[in-house]
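Notes for the one structure printed next.
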Number of protein chains: 2
Amino acid sequence: MSTHHSNQIRALIERLARLSEAEDWAGELNPAQMAALSYLSNANRFSRAPSHVASFSGSTRGTVSQTLRALERKGLVTETRSQNDRRSISYSVTAKGRELALSGKALDNAIASLPPDRVQALEQGLGNVLRTLLAAQGGRSFGLCRQCRHHERRGSASYCHLLKVDLEPAETEQICHEHSPA
Amino acid sequence: MSTHHSNQIRALIERLARLSEAEDWAGELNPAQMAALSYLSNANRFSRAPSHVASFSGSTRGTVSQTLRALERKGLVTETRSQNDRRSISYSVTAKGRELALSGKALDNAIASLPPDRVQALEQGLGNVLRTLLAAQGGRSFGLCRQCRHHERRGSASYCHLLKVDLEPAETEQICHEHSPA
DNA sequence: TTGCAATAGTTTCGACTCGCTACTATTAAG
DNA sequence: CTTAATAGTAGCGAGTCGAAACTATTGCAA
């Protein structure tokens, strides 16, 4: 019974995602590229490495490596090698990339047309499902910096107790790969 | 504001689908194949043609043609050519395919662990979103035969006024490509 | 300090997706 | 009876995806 409903809902989620991804984004990007670009445009400066993208999307480093090269060829992201750890790379989204990442999606409009309480219920319900799924699979939560247990508000600025760095206000609204629910 | 929430929810939907599809299904199937197999195992006998699968998944006939051949090579579906219209083909899911289609998914378990009212809210909310999206894009609803405007209950059996055929009870619980909301 | 072991990322391989543009076969419509 | 529409397939090119092998760097421990 409950199993039956779970099936239905999973089917709905997968179908909605599939239909949403079937949008061609001006023919420029495919779903994997769009997902990576969208993630990068919302991730903070500690969370823009290939391995973070891979972890976020449940993919592998090898696959993501190719996806990021495709994005770079298209001028949507640029790579920056780290000085501290010369193995690691951080990708930044260009202006052109940011524009594409924010371009209107039909699914967004469909969601926005719901009554506010329905939207609220959806967000909470899907959030719960995601947390449960991640807990079961040992994945990272990739939540907002601001909602992390290592985050501390200090007046107008903030501080991360895990990475031991000061944070600007805007950064606390970004995704962090070290995120841990409060 | 509302736009912001819509973005969040779309991101949740796409991420959940991506994580769910990252399950390897015993290493046998990829996401597109699983989606097609899952659809076929729930579709009624009028809705199992390549074009129906394509329409359901928002893909193209060409792509689906290859996906179905892959499934057939793996012994998960079999094709049956129609006598009435010798252009059309109907695919059936084999026992092996049905087993795979019903195999447990981590996302199902995550959903099933929610309180029943949350599950209810999710199902309704996502259903609303899907209907809105389909209306905006002109896509078919692919709902259950039983919930169709052409369906009429006749004692223990049923009748479809569109296709003008008698239906067995089990068939009314399947997906129909001609489905039109009541 | 030297010598692994772990980590970050890349490369290559093979099977496959995906949209596209032909293309064939069949059926429908004028 | 020709023409148009429909159902499905074939081949192309760019790209996904997982796996395994590989390079370069960093960490750790004897």
Exercise. Which word best sums up how the rings of Y39(B) and F142(B) line up, parallel for under 30°, tilted for 30 to 60°, or perpendicular for over 60°?
Worked result: perpendicular
Exercise. Do any side-chain nitrogens or oxygens of R18(B) fall under 4.0 Å of OP1 or OP2 in dC17(D)?
Worked result: yes
Exercise. When you measure from every atom of DNA chain C, which of residues 75-91 of chain B have a heavy atom less than 4.0 Å away?
Worked result: N84(B), D85(B), R86(B), R87(B)
Problem set entry | Integer-rounded Å distance: dC18(C) P and E21(A) CD | 9 Å
Exercise. Within less than 4.0 Å of OP1 or OP2 of dT9(D), is there a side-chain N or O belonging to S65(B)?
Worked result: yes
Exercise. Is T63(A) near enough to dC17(D) that one of its side-chain N or O atoms lies under 4.0 angstrom from OP1 or OP2?
Worked result: no
For this session: Could you check which residues of residues 34-59 of chain A get a heavy atom under 4.0 Å from DNA chain C? Sort them by number, please.
Result: A49(A), P50(A), S51(A)
Exercise. Within the structure, does a side-chain N or O atom of N30(A) lie under 4.0 Å from either OP1 or OP2 of dT17(C)?
Worked result: no
Output side-chain donor-acceptor pairs under 3.5 Å for residues 152-163 of chain B, partner residues at least two apart or in another chain, one line each.
{"unit_1": "E152(B)", "atom_1": "OE1", "unit_2": "R154(B)", "atom_2": "NE", "d": "3.4"}
{"unit_1": "E152(B)", "atom_1": "OE1", "unit_2": "H161(B)", "atom_2": "NE2", "d": "2.7"}
{"unit_1": "S158(B)", "atom_1": "OG", "unit_2": "H151(B)", "atom_2": "NE2", "d": "3.0"}

Exercise. Any side-chain N or O of Q33(B) under 4.0 Å from OP1/OP2 of dT17(C)?
Worked result: yes
Problem set entry | Distance, rounded to the nearest Å, where R61(A) contributes CZ and dT16(D) contributes C1' | 17 Å
Exercise. Nearest-Å distance, CD (E72(A)) to C1' (dG15(D))?
Worked result: 17 Å
